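Chain naming here is simple, since letters A, B, ... match the order of the sequence lines and numbering starts at 1 in each. Below, all heavy atoms of this structure are taken into account, side chains as well, without hydrogens, waters or symmetry copies. Predicted model only: the values in this text are computed from it and were never measured.
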Amino acid sequence: GGLHRFMNWDRGILTDSGGYQVFSLSDLNHITEEGVGFKSHIDGSSHILTPEKSIQIQNDLGADIIMAFDECTPWPAERDYALRSLQRTTRWLDRCIRTHGRSHDQALFGIVQGSTYGDLRRQSAAEITAFDLPGYAIGGLSVGEPGDLMRQMLEETIPLLPSDRPRYLMGVGSPDYLIDATIRGIDLFDCVLPTRLGRNGTVLTSGGRVIVRDAQYARDFSPMDAKCSCYACRNYSRAYIRHLIKANEMFGLRLTSWHNLHFLVNLMKQVREAIVADRLNDFREEFFADYGYTESE
RNA sequence: GUGGGAUUAGCUCAGUUGGUUAGAGUGCCAGAUUGUGGCUCUGGAAGUCGUGGGUUCAAUUCCCAUAUCCCACC
């Protein structure tokens, strides 16, 4: 029946290919032209994940958007490795497209790689967009490289992606990066940051990051963000949420995650309004002025 | 009541054949986290070594007494 029925969710769903796990769990696997071999952490059995297998699984899951099985090039990468990696990602995309059995109701997005080399980004964008796909993603960024490099790579890549299809920056979720990437033409993001920060007791607020788990909030009975209208901020204090977290009570982490998601959804709503009003750069100035973000290099 | 064991960081425990600033795990405190799953990583603070005596140049370590806890037996 697929994910929509399984989850009772009739809106959009995107599934990832597993390519990023190859990157983030890199000491547990080995990459070949065929695919990625790894051993199960459950029973030690050997498996190989290939572009064909990834797409078959995603076809079975039935999400609205599915992602090509790519190689997320680690940073820093030698130019030669980055080139071979991007070329393999292109060959894998070809295999993904050939396997894809539900192109009538599932949108397969290709992924641009190229590490932090402008010409390689342009080469990858040309190779990936040579395939006629309903959307294109930029991968291999926000993997440890300085923010300036990420912005440069966006400027190299985005102009080569068709503007009538969604342009998706994978793995970015901090407020400053969201704004900077949107200014450069990105339409779509996904990120663990709001929920991972939430699960670690950190919240994004109109005054910057607040680590609500810290002892200094034990008797702070104000909401996480006084300017926020989310359920958690309307009903619970920093002191109570900290208490829940310190007591290992899951509800505390759900409240912080809830708030962080609300914060980013609200941020992007403001970004869209600023785009409509043609004042996105002004919005960026205003946002940084009273947000106090200091982590962009 | 008798015999044995234990007592070292908030907690669970190493250790010192008597010798500079007594360690670990966990917890606590503070950072990190960018293609999710309570994880992980990086720093930091933290102990009159149960208490009182004795021996000794020197005792957390050896001796005596004492307190508390555990086990066995009466």
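- Between A/Val172 and A/Glu249, the one whose closest nucleotide on RNA chain B sits nearer the 5' end is A/Val172.
- Proximity note for A/Arg199 (side chain, C-beta onward) versus B/U36, B/A32, B/G35: the nearest is B/U36.
- Side chain of A/Val192, nearest nucleotide from B/G31, B/U36, B/C28: B/U36.
- Remark: P of B/U36 and CG of A/Leu264 are 16 Å apart, rounded to the nearest angstrom.
- Taking atom P on both nucleotides, B/G10 is separated from B/U16 by 23 Å, rounded to a whole Å.
- Nucleotides B/U56 and B/A24 place their P atoms 36 Å apart, quoted to the nearest Å.
- To the nearest angstrom, P of B/U33 lies 12 Å from OH of A/Tyr20.
- Atom P of nucleotide B/A30 and atom OH of A/Tyr217 are separated by 9 Å, given to the nearest angstrom.
- When atom types are taken as modelled, the side chain of A/Arg209 and the backbone of A/Leu204 share no donor-acceptor pair closer than 3.5 angstrom.
- Distance from the side chain of A/Asp214 is smallest for B/G31 among the nucleotides B/G31, B/G35, B/C29.
- Place A/Glu71 and A/Leu253 on RNA chain B by their nearest nucleotides, and A/Glu71 ends up nearer the 5' end.
- Closest approach to the A/Met170 side chain among B/U36, B/U33, B/G35 is made by B/G35 (side chain taken as heavy atoms from C-beta onward).
- Remark: the separation of the P atoms in B/U66 and B/U40 is 49 Å, to the nearest Å.
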Distance-only donor-acceptor pairs under 3.5 Å for side chains of residues 185-196 of chain A, two or more places apart:
from: A/Asp187; atom 1: OD2; to: A/Arg167; atom 2: N; distance (Å): 2.9
from: A/Asp187; atom 1: OD2; to: A/Arg167; atom 2: NE; distance (Å): 3.1
from: A/Asp190; atom 1: OD1; to: A/Tyr168; atom 2: OH; distance (Å): 2.7
from: A/Asp190; atom 1: OD1; to: A/Gly171; atom 2: N; distance (Å): 3.1
from: A/Thr195; atom 1: OG1; to: A/Val192; atom 2: O; distance (Å): 3.1

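- Taking 4.0 angstrom as the limit, A/Lys246 places none of its side-chain polar atoms (N or O) nearer than this to OP1 or OP2 of B/G27.
- The CG-P distance, from A/Leu261 to B/G37, rounds to 15 Å in whole Å.
- An OP1 or OP2 oxygen of B/U33 is reached within less than 4.0 angstrom by a side-chain nitrogen or oxygen of A/Arg209.
- With salt bridges taken as basic N to acidic carboxylate O contacts below 4.0 Å, none links A/Glu156 and A/Arg121.
- Separating the C1' atom of B/G35 from that of B/A45 is a span of 38 Å, rounded to the nearest Å.
- Separation of the P atoms belonging to B/A14 and B/G5 is 15 Å when rounded to the nearest angstrom.
- To the nearest whole angstrom, the two P atoms, one in B/C28 and one in B/G1, are 42 Å apart.
- Ion pairing of A/Arg122 with A/Asp119 is absent here, as no side-chain N (NZ or NE/NH1/NH2) approaches a carboxylate O to less than 4.0 Å.
- In RNA chain B, consecutive stretches of 3 or more Watson-Crick or G-U wobble pairs with both distances under 3.5 Å are given as paired ranges: B:1-7 with B:67-73, B:10-13 with B:23-26, B:28-32 with B:40-44, B:50-54 with B:62-66.
- Spacing between atom CD1 of A/Ile211 and atom P of B/G43 amounts to 17 Å, rounded to whole angstrom units.
- Nearest to the side-chain atoms of A/Asp190 among the listed nucleotides B/U36, B/G35, B/C29 stands B/G35.
- Of the N and O atoms on the side chains of A/Asp10 and A/His4, not one donor lies less than 3.5 Å from an acceptor on the other residue.
- Between B/A67 and B/G53, the two C1' atoms lie 15 Å apart (nearest whole Å).
- Between A/Arg242 and B/C29, a side-chain N or O to OP1/OP2 separation shorter than 4.0 Å is present.
- Under the ring-ring contact (aromatic ring centres under 6.0 Å, His included) rule, A/Trp258 has a single partner from A/Phe263, A/Tyr231, A/Phe251, A/Tyr236, which is A/Tyr231.
- Contacts of A/Gln113 with the nucleic acid, taken as non-hydrogen atoms under 4.0 Å apart, include base atoms.
- In this entry the distance linking CG of A/Asp187 with P of B/G35 reads 19 Å, nearest Å.
- With rounding to whole Å, A/Asn260 atom CG is found 17 Å from B/U36 atom P.
- The existence of a salt bridge linking A/Asp214 and A/Arg238 is excluded, since no basic side-chain nitrogen approaches an acidic carboxylate oxygen closer than 4.0 Å.
- Side-chain contact check for A/Asn200 and A/Thr202: no donor-acceptor pair (N or O, by modelled atom type) lies under 3.5 Å.
- Judged by distance alone with a 3.5 Å cut-off, no donor-acceptor contact links the side chain of A/Asn248 to the base of B/G38.
- Residue contacts for A/Gly140: at a heavy-atom cut-off of 4.0 Å it reaches a base atom on one of the strands shown.
- Clustering ILVMFWY residues whenever any of their side-chain heavy atoms sit less than 4.5 angstrom apart, transitively, puts A/Met170 in a cluster other than the one holding A/Tyr20.
- For A/Met250, whose side chain is taken as the heavy atoms from C-beta onward, the closest listed nucleotide among B/U33, B/U36, B/G38 is B/G38.
- Across the C1' atoms, B/U33 and B/U21 are found 35 Å apart, a figure rounded to whole Å.
- Within 4.0 Å (heavy atoms only), A/Ser24 reaches no atom of the nucleic acid at all.
- Set against B/U33, B/U36, B/C29, the side chain of A/Asp16 has B/U36 as its closest nucleotide.
- One can place CD of A/Gln21 at 7 Å from P of B/G37, the figure rounded to the nearest angstrom.
- Taking every side-chain heavy atom of A/Leu193 into account, B/U33 is the closest of B/A30, B/U33, B/G35.
- Looking only at atom types and distance, the side chain of A/His47 has a donor-acceptor partner in the side chain of A/Ser45 under 3.5 Å away.
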